[in-house]
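Contents: one structure, followed by commentary.
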Amino acid sequence: MNEKVLEKELLQIKNAVTMPENLAVELSETALEKGQKKLSRSCRSGRFRRLCAAAAALLCLCAIGTTSFAYNTYQEKQLAVFMDTDLTQSEIDSIGHSISTIPGISACQYISGDEAWAQFKKNYFTDSDDADMAALADAFTENPLADSFNYRVSVRLDADTQAVRQQISALSGVRRITTVREAKAEATRPKTE
């Protein structure tokens, strides 16, 4: 196996694995420097080449699986807490304070109805070329998401998300709690009338 092919394979593996750039560069340089002599002698063996290919494939599968696991965990650990629409701002602030004191919560951010509408327009009123379709959004004379104010809550990785959800749902004024995964499932579920 010549050095160019080996370097190309190492770069492909490096690009497939998610890690800090400086660590990836250091890893590839170290592998090339220290292992180059040993690899050049051993690469004459077909068995070694197959072993290297299998190791590279396994590394890629692990990287993909780890990324998928991390994304799924992120979806389960991010909650949206919606409150009753007839609450005053001081009651909403009180709920936010109560949520932030629950053990296992790492962040609690208030999203107003106006912020929810702005984010919705940004996400859904653009076409495939990211062109702004402001004319469609301007057709709304009032904010349709005015009552969608909520708290975005991040649950620590070591915390029990279900226990945190139960504690939040016990708070007076909380009407609904959802995860990112549940919200996506609802958005893609066909409406029945």
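None of these values were measured; they are calculated from a predicted model.
Looking only at distances, a side-chain donor or acceptor of Y151 sits under 3.5 Å from a matching main-chain atom of I92. Checking side-chain atoms of D93 against main-chain N and O of E91 turns up no donor-acceptor pair under 3.5 Å. In terms of modelled atom types and a separation under 3.5 Å, the side chain of S98 and the main chain of S94 share a donor-acceptor contact. Although no hydrogens or angles enter the test, the distance criterion places no donor-acceptor pair under 3.5 Å between the side chain of S112 and the main chain of F149. In this structure a side-chain-to-backbone donor-acceptor pair under 3.5 Å is missing from D84 to D86. Between the side chain of R152 and the main chain of I111, no donor-acceptor pair closer than 3.5 Å is present. A donor-acceptor pair is defined here as one N or O able to donate and one able to accept, closer than 3.5 Å; such a pair exists between the side chain of R175 and the backbone of M83.
Of the N and O atoms on the side chains of T179 and Q78, not one donor lies less than 3.5 Å from an acceptor on the other residue. Checking K77 against T161 by side-chain atom types alone, a donor-acceptor pair falls below 3.5 Å.
Of the inter-residue distances, the one linking L171 atom CG with I95 atom CD1 reads 7.0 Å to the nearest 0.5 angstrom. Rounding to the nearest 0.5 Å gives a distance of 11.5 Å between NE2 of H97 and CD1 of I99.
Counting non-hydrogen atoms of neighbouring residues, nucleotides and ligands closer than 6.0 angstrom, the CD atom of E142 reaches no more than 12 such neighbours.
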